[in-house]
Amino acid sequence: MARVLVVEDEKDLQDVMDYNLRAAGHAVSLSARGAPVMSLVQQSPPDLILLDLMLPDMSGLEVCRNLKSHPQSRGIPIIMVTARGAEVDRVVGFELGADDYVVKPFSVRELMLRVQAVLRRKRAEAPPPSGSVTFGRLSIDRDVPRVLVDGHEVVLTALELKLLCTLYDRRDRVQSRSVLLDDVWGVSGENTTRTVDTHVKRLREKLGDAGDYIETVRGIGYRFAGNASGQDA
């Protein structure tokens with residue numbers, strides 16, 4: 001059993017999600033607005049949040065951003081449930097830290113399978129490494145979290161930090177785009193891999209000279225340099 005918070009303003013859809021989640025054995029909390037979400041999470045942290053993006057009082061993207069910026073709620077998985085299915089909407093959602101993205105109208109069975117997949121993946125996750133590491137000009141402190149290049153802080157989104165840490169932890173090993181999609185975004189490698197290219201490009205730009213540690217392996221994916229003298233391939 002898991003505790004699931006459903007943030008959805010369409011009453012009929014809210015009822016359908018509530019019924020099916022409870023039938024699957026989950027404990028369900030409901031909210032029709034985005035503003036109370038942080039308070040609800042602080043009072044009783046859920047194991048998963050189903051989040052509509054078009055809420056009456058504020059954008060679901062803003063709700064997601066608030067949740068992912070707060071230490072208490074940062075690790076709670078979020079499935080975005082929305083009628084906005086364009087690729088740019090998906091990219092923004094995953095960039096903000098969403099674990100999955102379901103487009104309305106959807107099959108209830110598909111939604112329940114995605115809920116189970118996200119919960120299963122969350123339970124199987126090992127605790128992330130802690131502490132700080134220094135690699136050439138780059139320093140990563142996962143506990144704060146904070147990234148420094150030549151002693152100057154670089155502001156990364158939660159997803160960019162996860163991408164950087166994933167590449168660093170597997171340094172000198174080539175990571176295909178599909179593997180990165182699975183492990184960083186938590187989505188099937190069958191999805192467009194341009195998402196990975198776009199985020200790697202943005203991450204390199206933010207890291208400046210230290211961005212050269214992330215090497216392109218043409219036709220395959222990316223690799224974090226095995227030593228601090230790495231340059232783009």
Side-chain angles (χ1 to χ4, degrees), residues 1-125 145 157-162 181 184-188 191 195:
M1 185 190 78
R3 300 182 304 277
V4 182
L5 172 59
V6 175
V7 186
E8 170 62 61
D9 67 314
E10 294 182 42
K11 185 63 167 62
D12 290 346
L13 187 53
Q14 188 187 82
D15 289 344
V16 167
M17 296 164 75
D18 183 27
Y19 174 83
N20 283 275
L21 287 166
R22 291 184 187 277
H26 302 304
V28 183
S29 300
L30 304 171
S31 178
R33 298 185 300 119
V37 169
M38 185 59 72
S39 176
L40 291 171
V41 167
Q42 290 172 343
Q43 291 170 14
S44 179
D47 299 302
L48 173 67
I49 298 173
L50 299 181
L51 177 63
D52 184 17
L53 294 191
M54 293 183 285
L55 298 167
D57 58 337
M58 62 188 299
S59 167
L61 293 175
E62 186 63 28
V63 175
C64 182
R65 184 180 292 109
N66 291 340
L67 290 167
K68 293 301 181 180
S69 64
H70 195 285
Q72 184 178 346
S73 55
R74 183 178 298 142
I76 300 173
I78 296 174
I79 298 179
M80 292 183 171
V81 184
T82 176
R84 292 158 58 176
E87 181 178 354
V88 64
D89 295 315
R90 294 173 181 267
V91 169
V92 171
F94 288 127
E95 182 179 19
L96 289 176
D99 294 80
D100 204 347
Y101 197 102
V102 177
V103 178
K104 300 175 183 177
F106 54 82
S107 157
V108 173
R109 183 171 182 273
E110 178 189 0
L111 177 64
M112 297 306 297
L113 288 173
R114 287 176 180 260
V115 165
Q116 294 307 316
V118 170
L119 289 172
R120 187 166 55 247
R121 193 162 60 237
K122 180 65 177 178
R123 290 169 185 146
E125 283 181 358
T157 66
L159 189 59
E160 289 165 349
L161 178 62
K162 186 175 182 181
L181 272 174
V184 177
W185 281 261
V187 296
S188 169
N191 286 271
T195 298

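Just so we're clear, the structure is a prediction, and the values are computed from it rather than from any experiment. Throughout, numbering of the chain's residues begins at 1 and tracks the sequence.
- Of the possible polar contacts, none joining the D9 side chain to the A32 backbone as a donor-acceptor pair under 3.5 Å is found.
- At distances below 3.5 Å, at least one donor-acceptor pair connects side-chain atoms of K68 with backbone N or O atoms of I76.
- Of all non-hydrogen atoms in L48 and I78, the two that sit nearest each other are CD1-N, 4.4 Å.
- Using a 4.5 Å cut-off on side-chain heavy atoms (C-beta onward), H26 and R3 make no contact.
- Side-chain atoms of L96 and L159, non-hydrogen and from C-beta on, never get closer than 4.5 Å to each other.
- By the 4.5 Å heavy-atom criterion applied to side chains, Y101 and L53 are counted as neighbours.
- The shortest heavy-atom contact between V41 and P46 is CG2-CD, 4.0 Å.
- In terms of modelled atom types and a separation under 3.5 Å, the side chain of S39 and the main chain of P36 share no donor-acceptor contact.
- By the 4.5 Å heavy-atom criterion applied to side chains, R84 and V103 are not counted as neighbours.
- Across all non-hydrogen atoms, the minimal contact from P56 to R33 is CG-CG, 4.1 Å.
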- Message: Assess the residue pair V63 and L61 against the criterion (side chain to side chain contact (heavy atoms under 4.5 Å, CB included)); give the C-alpha distance rounded to whole Å, side-chain angles, the decisive distance to 0.1 Å, and a yes or no.
- Response: CA-CA 5 Å; V63 175; L61 293 175; over 6 Å; no
- Would S69 and R74 satisfy side chain to side chain contact (heavy atoms under 4.5 Å, CB included), going step by step from the backbone distance to the final call? CA-CA 6 Å; S69 64; R74 183 178 298 142; 5.8 Å; no
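- In summary, of the residues considered (L21, V102, D100), a side chain to side chain contact (heavy atoms under 4.5 Å, CB included) with V115 occurs for L21 alone.
- No side-chain donor-acceptor contact under 3.5 Å links Q116 to the backbone of L113.
- Proximity of D18 to V6: side-chain heavy atoms (C-beta onward) are nowhere separated by under 4.5 Å.
- E8 has a carboxylate O that lies under 4.0 Å from a charged side-chain N of K104, or vice versa, which qualifies the two as a salt bridge.
- The number of heavy atoms from other shown groups lying within 6.0 Å of CZ (F106) is above 12.
- No side-chain donor-acceptor contact under 3.5 Å links D47 to the backbone of A2.
- With a 4.5 Å cut-off on side-chain heavy atoms, V7 and L5 count as touching.
- Side chains of V81 and D52 form no contact here, defined as non-hydrogen atoms less than 4.5 Å apart.
- M38 places a side-chain heavy atom less than 4.5 Å from the side chain of S73.
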